[in-house]
Amino acid sequence: MIRAFVALPLPDEIRSRLSVAQFLLPLPRKVPPENFHITLAFLGEVAVPALQEVDLALGALRLPRLALSLQGLGLFGGARPRSFHASVVPDPDLARMQARIARACAMAGAPAEARRFVPHVTLGRFRADLADAMRLERSAAEGAGFAAGPWTADRFVLYRSERGGDGPRYDELASYPLTA
Ligand code: 2AM
């Protein structure tokens with residue numbers, strides 16, 4: 001079984017902008033900049049034959065390039081935040097792309113975890129107590145002016161995620177071009 005997900009990688013320039021923003025945040029555990037990405041479909045543990053079907057299905061999709069931007073910082077998890085992120089500016093073409101990729105994965109036998117699609121780049125994950133939560137909320141509010149991009153997304157990637165002591169390690173299993 002392989003723990004897998006589909007995501008958009010980020011260009012170096014956007015990664016650097018995010019790591020500067022991240023440096024200034026009081027995050028207990030920071031996602032390393034090489035791990036920054038925009039998740040499109042989290043597949044969980046997938047058997048190798050199903051993953052091969054997913055690869056074929058994703059390779060057969062013809063999806064357009066997208067101009068994407070980041071705007072603002074936020075928290076997921078309500079009163080007990082679990083993660084801190086930069087928000088992707090909502091884009092109907094991105095939502096369509098995500099839906100088509102999720103459908104292709106499901107038809108290939110690896111349904112994505114059902115979560116409402118809120119595109120973002122996770123900067124830190126943690127278990128926050130109330131004091132941390134308030135500090136992080138303030139940082140998110142102060143980060144409302146954070147903006148990066150636009151950049152052109154010209155590919156999407158099937159990643160393998162391996163859990164390690166220092167956090168997960170992501171490897172590219174396959175890359176699929178987005179065509180103009
Ligand atoms: P997150 O950034 O919002 O935490 C790889 O783990 C990617 O898949 C992460 O970006 C993570 O989203 C996303 N993901 C979605 N559901 C997940 C789950 N149940 N477990 C781990 N990662 C998940």
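Indexing begins at 1, ligand by ligand and atom by atom, following the structure's order.
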So the atoms of ligand 1 within less than 4.0 Å of a heavy atom of Y170 turn out to be 5 (C), 6 (O)
For I101 and A41, the nearest pair of non-hydrogen atoms, with its separation, is CG2-CB, 4.4 Å
Note: ligand 1 atoms sitting under 4.0 Å from heavy atoms of H37 are 7 (C), 9 (C), 10 (O)
Value for CG (L27) from CZ (R135), rounded to nearest 0.5 Å, stands at 9.5 Å
| task | Tell me, please: is H85 in heavy-atom contact with ligand 1, that is, under 4.0 Å? | result | no
Heavy-atom closest pair (R15 atom, F36 atom, distance to 0.1 Å) is NH1-O, 3.6 Å
among protein heavy atoms, the one nearest atom 13 (C) of ligand 1 is T39 OG1, 3.7 Å
Closest heavy-atom pair, F84 versus L136, reported as atoms and distance to 0.1 Å, is CE1-O, 3.6 Å
So the atoms of ligand 1 within less than 4.0 Å of a heavy atom of R3 turn out to be 20 (N), 21 (C)
Atom 3 (O) of ligand 1 has as its nearest protein heavy atom H120 NE2, 2.7 Å
The protein heavy atom nearest to atom 22 (N) of ligand 1 is F42 CE1, 3.4 Å
**Stepwise side-chain contact (heavy atoms from CB on, under 4.5 Å) test for Y170 and E34** = CA-CA 9 Å; Y170 303 144; E34 65 270 20; over 6 Å; no
shortest atom 19 (N) of ligand 1-to-protein heavy-atom contact is with E113 OE2, 3.0 Å
among protein heavy atoms, the one nearest atom 11 (C) of ligand 1 is R125 NH2, 3.9 Å
Classify the ring geometry of F5 against H37: parallel below 30°, tilted from 30° to 60°, perpendicular beyond 60°.
tilted
Within 4.0 Å of some non-hydrogen atom of T122, the atoms of ligand 1 are 1 (P), 2 (O), 3 (O), 4 (O)
dist L70:CG -> I38:CD1 (nearest 0.5 Å) comes out at 6.0 Å
